[in-house]
Amino acid sequence: MRALLFFSVAVLVAAAPARGQDAPLISAVPSSTFCELPAPEPDDIYEGVNRLRETAPLKNGGGATFEVDYTGFTPQAQAAFQFAVDIWAAHITSPVPIKIAASFETLPARVLGSAGAGCIHAGGALPVPNTWYPAALADALTGVDQYSPGGPCGPDDIVARFSSSRSDWYFGTDGNPPRQQIDFVSVVMHEIGHGLGFAGSGTVDDGEGTAECNGTDGFGCYGLGAARFPIVFDRFMEDGEGNSILDRETYANPSLALGVLFQSGSQSPNDPRNLFYDSPTTFAIYGNQRPPIWAPATFDLGSSYSHWDEVVIRQGDINALMTPQIAQGEAFQDPGPLTCALMQDIGWSLAPACATLVDTPNESGPLASGLGIEFAGPNPFRDATALRVRVDAPETIRATLYDALGREAGVLYDGPASGDVTLRVGGDLAPGIYVVRVQSETETVTERLVRVR
């Protein structure tokens, strides 16, 4: 039996964009609520072999800088936390330092830790209107630290807390924890993943105390603020039939239908009640299927809705870091290709370590053969940009533009090509995240671009 362990998501705090940008469309939504999940049962021990990548060489090619404020850490714990930070720094790119407040605290006996974004932002130069972005991603997309002194939030992009009362932490960095210890590096990597944007706002009302949705037991809802604008993670969530949870004709917000969906379980990949994450890159990485989201029959705040499905993506899977469970003796030292793909589709630019995981024989990246794609203009861009397609031998290619939900937004080129072909993007294109896919008879390459307002 693999019990639920530790992974908790902080309820996010919304903040207005910094001065000089457009005002947010809804007011700030402060919160100090953290969610809790139990630690492993004594018999919950990973019996497989941890498959670890050689991450140390990749750390030198990182694309992000993290600044961590440590509270209550021993030198050994701090070294393990920094090791996990360095791994993430090799996987994502940001021109703005990512600030983390990390602390060891007295938590309930069976809680290992919790984390989430310190703030979320909407409006301004962010790509998708009426959408909240976690602070670190908002900073990366705009190139500006969105923290505003005197505003509703503090300066920390991510807030992470860990239990100071446990004796079974493994603080080594070799990825080989003893059978009955919990790998701290893996826990930290998971929690940072939530703070970077692997978290949604979906919840189910329990009918007691604070109204999670409308005070009616069993009703589900999503979004923050009076207008219930979604977090960027929410925009990719669908049911088994491909209906977006944001489709108000199918799912009123709040509604009993959302409550059922968010507690639909994982009976089979084709169950129309099941919850799936559908974005262009995750779809490709997951074998041209939508990866399933954790939606147990009883909603578990901080676990349900904001993890990969533990029933399908199991112990030892390369993508299992962001499932809601970990076993004693289990370890991870990279986010996994599926999580890297999700990070790209919510807006992160990938550093070499993540780009290597996302690149597949049928997808984007440095290929051995002659089809390639690179930017010849700015990205993100405001008015227009350009991409250059390299074709080493004469052949027919088709370049298609897709929006963040995988819908075709236009054909940029379709015909014979030899040498370089320049693709121009702009015009009346709405602000948002897009994917350019170039296909030849034998290859496919892709590139992500962002248009800001």
Please examine the side chains of Val68 and Val85, heavy atoms only from C-beta on, and report whether any two atoms are closer than 4.5 Å.
-> yes
For Gln78, which residues count as a side-chain hydrogen bond (donor to acceptor under 3.5 Å, both in side chains) partner, sequence neighbours excluded?
-> none
When you check the gap from the basic side-chain N to the acidic O, do Arg398 and Asp414 get nearer than 4.0 Å?
-> yes
Atom of Leu357, atom of Pro335 and distance for their closest heavy-atom approach | CD1-CD, 4.5 Å
Over 60° means perpendicular and under 30° means parallel, so classify the ring planes of Phe299 and Phe262, tilted if in between.
-> tilted
Between His194 and Ala199, what is the shortest heavy-atom contact and its length?
-> O-CB, 4.2 Å
Out of curiosity, Asp239 CG to Ser244 OG, how far, rounded to the nearest 0.5 Å?
-> 9.0 Å
Is any side-chain heavy atom of Val159 closer than 4.5 Å to a side-chain heavy atom of Arg161?
-> yes
Separation between OG1 of Thr173 and CG of Asp86, rounded to the nearest 0.5 Å | 10.5 Å
Take Met343 and Leu196 through the test side-chain contact (heavy atoms from CB on, under 4.5 Å) and record every step on the way to the result.
-> CA-CA 8 Å; Met343 291 295 173; Leu196 294 173; 4.0 Å; yes
Within-4.5 Å side-chain heavy-atom neighbours: Phe81 and Phe162 = yes
Tell me, with the steps shown, if Thr323 and Asp309 meet side-chain contact (heavy atoms from CB on, under 4.5 Å).
-> CA-CA 6 Å; Thr323 64; Asp309 190 341; over 6 Å; no
Do the non-hydrogen side-chain atoms of Pro177 and Ile182 ever get within less than 4.5 Å of each other?
-> no
With no hydrogens and no angle check, is any side-chain donor or acceptor of Asp156 less than 3.5 Å from a backbone partner on Ile100?
-> no
Taking Thr282 for its side chain and Asp278 for its backbone only, find out whether a donor-acceptor pair lies under 3.5 Å.
-> no
If you measure from the Lys or Arg side-chain nitrogens to the Asp or Glu carboxylate oxygens, is any gap between Glu238 and Arg290 under 4.0 Å?
-> yes
Spacing of CD belonging to Gln325 relative to CH2 belonging to Trp294, to within rounding of 0.5 Å | 5.5 Å
Decide yes or no on side-chain contact (heavy atoms from CB on, under 4.5 Å) for Ile98 and Thr65, but give the supporting numbers first.
-> CA-CA 6 Å; Ile98 299 169; Thr65 300; over 6 Å; no
Taking all non-hydrogen atoms of both residues into account, name the closest pair between Gly200 and Ser306 and its distance.
-> N-OG, 3.0 Å
Point-to-point distance, once rounded to the nearest 0.5 Å, from CG of Leu412 to CD1 of Ile397 | 10.0 Å
Here the gap from Thr339 atom OG1 to His91 atom NE2, rounded to the nearest 0.5 Å, amounts to 10.5 Å
Any sub-3.5 Å donor-acceptor pair from Tyr251's side-chain atoms to Pro254's backbone N or O?
-> no
Sub-3.5 Å donor-acceptor pair from the side chain of Ser186 to the main-chain atoms of Phe332, do we have one?
-> yes
Can you tell me if Asp300 uses its side chain to pair, donor with acceptor, with the backbone of Ser303 under 3.5 Å?
-> no
Say whether, by atom type as modelled, one donor and one acceptor occur between the side chain of Asp234 and the main chain of Ile231 under 3.5 angstrom.
-> yes
So, Asn176 side chain and Asp174 main chain: donor-acceptor pair closer than 3.5 Å or not?
-> yes
No-hydrogen, no-angle side-chain donor-acceptor test under 3.5 Å, Asp139 and Tyr147 = no
Compare every heavy atom of Arg235 with every heavy atom of Asn130, then report the nearest pair and how far apart it is.
-> O-NH2, 3.4 Å
Flag the pair Leu338 / Ile318 as yes when at least one side-chain heavy-atom distance between them is below 4.5 Å, and no otherwise.
-> no
Looking only at non-hydrogen atoms, find the nearest pair between Ala122 and Thr131 and report the distance.
-> CB-O, 3.3 Å
Who passes side-chain hydrogen bond (donor to acceptor under 3.5 Å, both in side chains) against Ser94, sequence neighbours left out?
-> none
Is there a donor-acceptor contact under 3.5 Å from the side chain of Glu330 to the main chain of Ala327?
-> yes
Between Gln263 and Tyr305, does a side chain to side chain donor-acceptor pair (under 3.5 Å) hold up when you go through it step by step?
-> CA-CA 9 Å; Gln263 300 175 105; Tyr305 186 87; over 6 Å; no
Geometric class of the Phe198/Phe233 ring pair [parallel <30°, tilted 30-60°, perpendicular >60°] = tilted
Could you walk me through whether Ile313 and Tyr286 pass side-chain contact (heavy atoms from CB on, under 4.5 Å), step by step?
-> CA-CA 11 Å; Ile313 300 174; Tyr286 202 61; 4.3 Å; yes
Determine yes or no for a side-chain-to-main-chain donor-acceptor pair under 3.5 angstrom, with Trp308 supplying the side chain and Pro292 the backbone.
-> no
When every non-hydrogen atom of Asn50 is compared with those of Gly329, the smallest separation belongs to ND2-O, 3.0 Å
Has the side chain of Trp88 got a donor or acceptor atom that lies under 3.5 Å from a matching backbone atom of Ala64?
-> no
With the side chain counted from C-beta on, respond yes when His190 and Val188 share a heavy-atom pair under 4.5 Å apart, and no when they do not.
-> no
Do Arg388 and Val421 come within less than 4.5 Å of each other through their side chains, counting heavy atoms only?
-> no
Quick one: NE2 on His307 to CG on Leu321, what's the gap to the nearest 0.5 Å?
-> 9.5 Å
Beyond-backbone contact of Thr203 with Tyr222, side-chain heavy atoms, under 4.5 angstrom = no
